[in-house]
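Okay, structure first, notes after.
Since the model is a prediction, treat every value here as computed from it, not as a measurement. Naming convention: chains lettered A, B, ... in sequence-line order (proteins, then strands); numbering from 1 in each chain.
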Protein chains: 2
Amino acid sequence: MTDPLARLPGYALRRAASAMMAELTERLAPLALRIIDASLLMVADAGSMTSSDIGRVLDIQRANMVPLLNRLEAAGLITRQPLDRKSMAIILTPAGRARLAEVRAITGQFEEDLMARIPDAHRAHFLPALQALWSAADD
Amino acid sequence: MTDPLARLPGYALRRAASAMMAELTERLAPLALRIIDASLLMVADAGSMTSSDIGRVLDIQRANMVPLLNRLEAAGLITRQPLDRKSMAIILTPAGRARLAEVRAITGQFEEDLMARIPDAHRAHFLPALQALWSAADD
DNA sequence: TATTGTTATACTCTATAACTATA
DNA sequence: TATAGTTATAGAGTATAACAATA
């Protein structure tokens with residue numbers, strides 16, 4: 001390795017994440033969805049969630065949810081249904097549920113391929129390590 | 001966890017990486033450097049590297065190196081010295097080397113803190129797992 | 001013929017501020 | 001008083017195309 005940064009965990013984390021994102025973006029392209037769109041469908045599938053709810057789960061700000069949801073609505077994948085006179089529930093349409101099934105097939109295979117690249121001895125330790133770093137960040 | 005994505009390694013990887021980036025950005029702020037600036041100084045410290053060389057190591061395109069180097073040059077941290085009539089070596093100034101020493105102090109502590117958050121049993125497996133994912137992406 | 005440095009440009013992602021209306 | 005949805009906007013970060021000059 002000529003790269004002096006390769007042994008820094010933080011740097012390796014960034015590079016691994018961006019490599020992963022690039023590959024998943026490619027795999028989702030046939031569905032005409034970006035990663036963020038697919039994530040939104042997965043979270044919204046829980047049902048009765050508002051735009052703000054989904055944003056909190058995915059760490060996306062309210063203001064940035066608007067164009068994302070507009071796009072999915074224009075694609076016929078979600079609808080907005082009033083919960084009361086202030087809040088809207090984001091509901092998957094039949095087309096949205098069908099697209100989500102395709103998303104799950106692709107992401108399921110992707111996560112499997114991803115883990116397969118990690119040598120056996122390290123594999124089981126990977127997700128717990130990531131979750132420790134992710135959770136610690138909530139402080 | 002209410003988040004249905006939390007158990008997906010790809011998603012956890014993305015969230016851990018962005019949490020890490022946010023924290024490192026904060027820690028470097030007192031040096032008036034962004035992560036990308038600090039990375040550049042570290043790589044350029046090898047000496048006799050052109051802008052294109054550094055870009056290849058860090059996966060930054062030639063065109064995007066220009067404003068980054070201009071900024072570091074304006075800050076008095078690097079200079080451009082002709083290698084031949086076409087290429088320029090990026091050289092750290094004395095101020096650049098001093099700033100780099102501060103960068104190393106901060107990033108060294110940061111990487112240490114990062115690893116300390118990973119439970120003992122998983123810690124040693126983390127970097128090898130990341131490198132496996134990163135390298136596999138070069139295919 | 002390939003590479004370097006550069007300019008210009010566009011697109012995505014994200015962050016902030018502000019506003020209206022409702023809980 | 002806090003929250004939901006929205007609009008507008010600004011700043012990063014990144015990608016592509018093109019060009020002149022040199023290896």
Side-chain angles (χ1 to χ4, degrees), chain A residues 11 13-15 17-26 28-29 32-40 43-44 48-75 78-91 137, chain B residues 11 13-15 17-26 28-29 32-40 43-44 48-75 78-91 137:
Chain A
Y11 184 73
L13 177 57
R14 180 190 173 284
R15 293 297 293 261
S18 68
M20 179 276 295
M21 298 278 285
E23 185 179 346
L24 183 53
T25 297
E26 272 185 29
L28 288 172
L33 295 175
R34 299 163 304 175
I35 294 177
I36 200 167
D37 300 318
S39 311
L40 255 155
V43 174
S48 294
M49 301 190 76
T50 66
S51 167
S52 295
D53 290 335
I54 298 172
R56 272 186 291 269
V57 170
L58 291 175
D59 199 27
I60 301 171
Q61 314 215 14
R62 274 199 328 284
N64 295 328
M65 288 293 296
V66 179
L68 296 176
L69 292 173
N70 286 347
R71 190 183 139 104
L72 291 175
E73 192 174 39
I78 63 159
T79 58
R80 291 165 156 107
Q81 293 181 7
L83 276 176
D84 51 36
R85 279 183 303 177
K86 178 171 147 194
S87 302
M88 309 281 267
I90 306 302
I91 306 294
Chain B
Y11 184 72
L13 177 56
R14 179 189 174 286
R15 292 296 293 260
S18 69
M20 178 278 295
M21 298 277 287
E23 185 179 347
L24 182 52
T25 296
E26 272 184 30
L28 288 173
L33 295 175
R34 299 162 304 174
I35 295 177
I36 200 167
D37 300 319
S39 311
L40 255 156
V43 173
S48 294
M49 300 190 77
T50 66
S51 168
S52 295
D53 290 336
I54 297 171
R56 272 185 291 269
V57 170
L58 292 175
D59 199 25
I60 301 170
Q61 313 216 17
R62 276 200 326 283
N64 294 329
M65 288 293 296
V66 178
L68 295 175
L69 292 173
N70 286 347
R71 190 184 138 104
L72 292 175
E73 192 174 38
I78 62 158
T79 57
R80 292 164 156 107
Q81 293 182 7
L83 277 176
D84 51 36
R85 279 183 302 175
K86 177 171 148 193
S87 302
M88 310 281 266
I90 306 303
I91 305 294

- Task: From the options C:dT6, D:dA4, D:dT22, select the nucleotide whose nearest atom is closest to the side chain of B:Arg85.
- Result: D:dT22

- Task: Check every atom of C:dG5, D:dA4, C:dA23 against the side chain of A:Thr50 and return the nucleotide holding the closest atom.
- Result: D:dA4

- Can you name the closest pair of heavy atoms from B:Met88 and B:Pro82 and give their distance? SD-CA, 3.9 Å

- Task: For the side chain of B:Arg14, starting at C-beta, report the closest nucleotide among D:dA15, C:dT14, C:dT4.
- Result: C:dT14

- Task: Quick one: label B:Arg71 by what it contacts on the DNA or RNA (base, sugar-phosphate, nothing), any heavy atom closer than 4.0 Å.
- Result: nothing

- Task: Check whether any side-chain nitrogen or oxygen of A:Ser87 sits under 4.0 Å from OP1 or OP2 of D:dT3, and answer yes or no.
- Result: no

- Item | Nucleotide D:dG5, atom C1' - distance to CD1 of A:Ile54 in whole Å | 13 Å

- Counting heavy atoms from C-beta on, name the nucleotide in C:dG5, D:dA4, D:dA23 closest to the side chain of B:Asp84. D:dA23

- Message: Can you tell me how far apart CG (B:Leu83) and CZ (B:Arg80) are? Round to the nearest 0.5 Å.
- Response: 13.0 Å

- Message: Quick check for you: among D:dA4, C:dT7, D:dA18, whose closest atom lies nearest to any side-chain atom of B:Ala63?
- Response: C:dT7

- Ignoring backbone atoms, establish whether B:Arg62 has a side-chain N or O less than 4.0 Å from OP1 or OP2 of C:dA2. no

- Spacing of A:Asp59 atom CG relative to C:dA15 atom P, expressed in whole Å: 7 Å

- Examine D:dT14: is either OP1 or OP2 under 4.0 Å from a nitrogen or oxygen in the side chain of B:Gln61? Give yes or no. no

- Task: Look at the side chain of B:Lys86 against the base of C:dT4 and say whether a donor-acceptor pair falls under 3.5 Å; ignore hydrogens and angles.
- Result: no

- Can you name the nearest heavy-atom pair linking B:Ser51 to B:Ile90, along with the distance? N-CG1, 3.9 Å

- Message: C:dT4, OP1 or OP2 - any side-chain N/O from B:Ser51 closer than 4.0 Å?
- Response: no

- For A:Asn70 and C:dT12, what is the distance between atoms CG and C1' respectively, to the nearest whole Å? 17 Å

- Task: Identify the two heavy atoms, one from B:Asp53 and one from B:Arg56, that lie closest to each other, and give their separation to 0.1 Å.
- Result: OD1-NH2, 2.9 Å

- Looking across every strand, which nucleic acid part, if any, lies under 4.0 Å from B:Met65 by heavy atom: base, sugar-phosphate, or nothing? nothing

